[in-house]
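Structure first, then comments.
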Amino acid sequence: MIIVTARVPKRRLLAGGITALCCCAVVAAALLATLGGRAVAASAEVKHIRTNDDRLAYLGGLGWQVSSQPIATEELLIPEEFDDSYAGYLKLQEDQGFDLGRYRGKRIKRYTYQLTNYPAQDEPVQIALLIYKNKVVGGQIQSSSGSFLHGLTLPGQEGQDTPDASPAPSATAPVFGMLV
């Protein structure tokens with residue numbers, strides 16, 4: 001039997017223990033943020049969306065099949081101040097992890113695509129992405145007639161129900177200032 005002994009100074013032992021505790025704290029915080037947060041698959045911090053292919057890949061990652069080209073591309077101006085008419089729309093974006101308040105007074109682009117795999121819907125359905133400096137900052141799914149509007153996730157996922165035929169008035173999309 002061989003016995004090996006080593007002398008470890010208390011400072012090194014204490015530093016190693018503190019390092020191990022810090023690593024455990026970081027892992028625990030990450031787990032709490034992931035499990036306890038309101039993050040959804042469509043949430044913010046989606047960067048490097050530069051091209052149409054990037055937008056199509058992002059939408060495909062959410063489970064959507066869309067037209068190969070946008071049916072509308074618009075440059076919009078987010079207002080400096082939001083009045084009450086924006087409350088429902090801002091809540092919709094917030095529930096997805098987006099914060100449009102950070103983009104007050106900024107020019108963004110809205111790319112609207114025709115959805116081809118929206119479940120159980122007779123009328124055309126569109127999906128719109130709001131992009132600021134190659135980053136997804138918002139988005140929604142809506143019927144062409146305006147009969148419903150909801151977040152970017154598939155109905156039935158992430159607590160999302162199939163949309164009603166008549167949404168609450170506060171959930172309708174506000175009209176941002178369009179720049180052409």
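Values in this document were obtained by computation on a predicted structure and should not be read as measured data.
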Note to self: Please report the interatomic distance CD(Q121) to CD1(I141), rounded to the nearest 0.5 Å.
What the structure shows: 11.0 Å

Notebook entry, point to check: Is any side-chain heavy atom of E81 closer than 4.5 Å to a side-chain heavy atom of R104?
Noted result: yes

Checklist line | Single hit among I49, D54, L130 for side chain to side chain contact (heavy atoms under 4.5 Å, CB included) with V136 | finding: I49

Margin query: Under 4.5 Å side-chain heavy-atom separation, chaining through any Ile, Leu, Val, Met, Phe, Trp or Tyr, what else clusters with I3? Say none if it is isolated.
Written below: M1

Notebook entry, point to check: Has the side chain of T116 got a donor or acceptor atom that lies under 3.5 Å from a matching backbone atom of Q65?
Noted result: yes

Note to self: Can a donor-acceptor pair be found, under 3.5 Å and without considering hydrogens, that links the side chain of Q93 to the backbone of G139?
What the structure shows: yes

Notebook entry, point to check: Do side-chain atoms of N52 reach the backbone of Q69 as a donor and acceptor pair under 3.5 angstrom?
Noted result: no

Check: Any donor and acceptor pair, going by atom type alone, linking the side chain of Q114 with main-chain N or O of V125 inside 3.5 Å?
Finding: yes

Check: Less than 4.5 Å apart, any side-chain heavy atom of I127 and any of Y118?
Finding: no

Check: Do the side chains of H48 and N134 get nearer than 4.5 Å, heavy atoms only?
Finding: no

Check: Would a distance-only check, ignoring hydrogens and angles, find a side-chain to backbone donor-acceptor pair under 3.5 Å from Q96 to L152?
Finding: yes

Check: Distance from R107 atom CZ to I78 atom CD1, nearest 0.5 Å?
Finding: 12.0 Å

Notebook entry, point to check: Between Y111 and Y58, is the gap from one ring center to the other below 6.0 Å?
Noted result: no

Next item on the list: Taking side-chain hydrogen bond (donor to acceptor under 3.5 Å, both in side chains) as the test, write out the residues that go with D83, two or more places apart.
Entry: S85

Next item on the list: State whether a side-chain donor-acceptor pair under 3.5 Å links Y132 with R102.
Entry: no

